[in-house]
Amino acid sequence: MTINVLPPALIMILGGLLVPLFKGRSRQAWLLLLPVVSFINLLQITDGSHWVFPFLSDQIVLARIDKLSLIFCYIFHLVAFLAALFALHVKDTVQNVAGTVYAGAAIGAVCAGDMFTLFVFWELLTISATFLILARRTERALGAGFRYFMVHVAGGLCLLAGIIMQVQQTGSAAFDLIGLGTTASWLIFIGIGVNCAWPMLHPWLSDAYPEATITGTVFLSAFTTKTAVYALARAFPGTEELIFIGAAMAAFPIFYAVIENDLRRVLAYSLINQVGFMVVGIGIGTALSINGAIAHAFNDVLFKGLLFMSMGAVMYRTGKINATDLGGLYKSMPWSCAFCIVGAASISAFPLFSGFVSKSMVMEAAAHGDLRWVWFILLFASAGVFHHAGIKIPFFAFFSHDSGLRCKEAPPHMLLAMGASALLCILIGTFPQYLYNLLPYATDYQPYTVSHVLAQTQLLFFSALAFTLLLLAGIYPPEIRSINLDADWFYRKGGRLVFRFCQSTFDGLNAWANRIFAQQLPSALSRFFADPGGNIQNYGLRLWAEATGHPDHEGRHAQIISRRNRHSAYPVGIGVLLAVLLLALVSLLLYLR
Amino acid sequence: MSKHPPKVDEKPGMFDNPRNVKRLLYTFYGCVVLLLLVDLVYHKHTIFAWEGAFAFYSVYGFVACVILVIVAKYILRPLVMRKEDHYDD
């Protein structure tokens, strides 16, 4: 390690914070330069642990470089550059800073050698991502951003609790294989699961990503979930629970994606679906399956980024993103359309496109493990993803009915970013060996066998046939302006219920306390103490009159008392009265004792 | 394919001509039939036995997508679809 080399995340994070110092063209250059410089710096770092500092009874490891962390570093740098290029027109300082810091935090998290460092970068991810959502500056984005923040803070606290317990029990903060078992490991597991968008923990993703800014979503789609995939691959490979969680993730979002109108939300659901494949791969835990999971994460960052970019370009030019408002844009935006189709082919795992060479590794690993039901579910999800992401996205945006929208093609920097991503998708799909060489386990996996190519092509073409026939027959669900309830209903409506419950109980309690202690009691006391002697006499008199049954006496005596009052004929002040009462009480108590 | 006729001063797009759409569809149907026929000739090397059965992937892909759409449209949509302003109160 030479003295010139910096910790891997430092350049992006510090550089991101310095963005406000630059204006105009120099800022654009700075934003593009940061990932490049950071990448060159990364290449100088040798394998092993670096920047090790003592911390409490343990140590902090800022960079643990091995094949697993390196491949994530590579793809994060790559997508950070592509996303910065796509976002080159953005002058909003908040987005510029948040995007760069966010990428840096992800790089820091996958390099973290201990759990405390991991946690710090984990939280930095949450904070910077929240700004990318809030920067849209619409009321919906504000709500979605706050919900995003709350969910991730809760997940982060769960993770922190797990980390502290784990360190207590094992005496080591090193972030390595943990495996399920103790409460601590479960807490870490679930904390990671929140970021990984597991079923029921997922709605932050489909809620917030479509509400973020046009370019923000491109950043968001790459980092948070993939960092979680990395953490699972590091700490929980071969955990059986992950197989079922992953299978559920791969299957359920496609149903939502079919009926969803907002095309970026369709992509958000398909993001969960793709992460499902990775989670299954990690759960199976063989060299092939983990390689497959990581290769798929690498590819997913590219093709999902590309798809979000193409939808972002459509949104940038037309201001619309709902399928009901779009259609026929292939004439106005032919290049964006072509790049979108490349992304769609990649996510659908068409032969010669990137998804094909990685998704099949997970499928084959499931088959080798004789996980029949999982295999069937994944095959269903493969057909389904083509259906909603592969066909629906390009079809409703660029073809379908002519929406009458006419716009300019996307600006050059967006086309460049999309073109580069599309090219990479095709290159990886055609020459997978370059990707395979980066994987943590050595592999001689061969995706291009006749059987495999044929099987996948048949699956996809007949999925497309189903789409075509259903559409022509009018059975395909028409796009409707609507929202679809998801698990976020529980906290969005549930949160309101809690609020109303608190409002009615605590506000009631407040009002009651206010009436009694702030109004009635002081006024009663002040009335009494205005004339304590007379009031006590009057009260005694009333009691006596009721007891004896001579109410006429009462009136007479009351007059006497009020006359004495007026003339201040009671020489005994309130202080003395209280003192006498106290003495009486004390002597009574002593007597009783 | 197009409900709105294009403006007169605009060059019509490839798919504004219904004949092109027909051509595309027939090419597609041709490919589908061809893929099915290949299964008669070529026997796949597979891990599970049923993968090698005639038209397994074709039938699975088709049926999976039909089920997906039917379930999404007739079961999920009535359950979860709400007006766009459902949460805005």
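Numbered from 1 within each chain, the chains take letters A, B, ... in sequence-line order.
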Residue from B:L79, B:V32, B:T46 scoring the most non-hydrogen pairs under 4.5 Å with chain A is B:V32
Option in B:R77, B:K73, B:H45 with maximal non-hydrogen atom pairs under 4.5 Å from chain A:
B:R77
Applying ring pair (Phe, Tyr, Trp, His ring centres under 6.0 Å) as the test, list every pair that has at least one member in residues 16-44 of chain B; sequence neighbours left out.
A:F461-B:F28
Side-chain touch [X]/[Y], heavy atoms, less than 4.5 angstrom:
X	Y	value
B:K44	A:L454	yes
A:F490	A:M200	yes
B:L37	B:V41	no
A:H452	A:F356	yes
A:F146	A:L142	yes
B:F15	A:D402	no

Show me the side-chain donor-acceptor pairs of residues 55-72 of chain B shorter than 3.5 Å, one per line, residues at least two apart or across chains.
from  : atom 1 : to     : atom 2 : distance (Å)
B:Y57 : OH     : B:E51  : OE1    : 2.5
B:Y60 : OH     : A:F376 : O      : 2.7

Heavy-atom pairs under 4.5 Å with chain B are the metric here; pick the option from [options] that has the most.
options	answer
A:F467, A:Y256, A:F255, A:F462	A:F462
A:N261, A:V450, A:V258, A:D486	A:V450
A:S463, A:G327, A:G143, A:A383	A:S463
A:I259, A:L472, A:L459	A:I259

Could you tell me which portion of [X] (side chain, backbone, both or neither) has an atom closer than 4.5 angstrom to a non-hydrogen atom of chain B?
X	answer
A:W375	side chain
A:L469	side chain
A:A464	both
A:E139	neither
A:T468	side chain
A:R372	both
A:L470	side chain

Taking the basic N atoms (NZ, or NE/NH1/NH2) and the acidic carboxylate oxygens, is any pair closer than 4.0 Å for A:D488 and A:R147?
no
Main chain of A:T324, side chain of A:N322: is a donor-acceptor contact present, judged purely on distance under 3.5 Å?
no
A:Y148: which residues meet the ring pair (Phe, Tyr, Trp, His ring centres under 6.0 Å) condition with it, sequence neighbours left out?
A:H152, A:W204
Least distance between heavy atoms, A:L263 atom then A:I393 atom:
O-CD1, 3.5 Å
I need the single residue from A:F399, A:F395, A:F396, A:W335 that forms a ring pair (Phe, Tyr, Trp, His ring centres under 6.0 Å) with A:Y330. Which is it?
A:F399
Give me the contact list for residues 384-392 of chain A versus chain B, heavy atoms only, anything under 4.5 Å, ordered by residue number.
A:G384, A:H387
Interface moiety of B:I75 toward chain A, non-hydrogen atoms closer than 4.5 Å:
neither
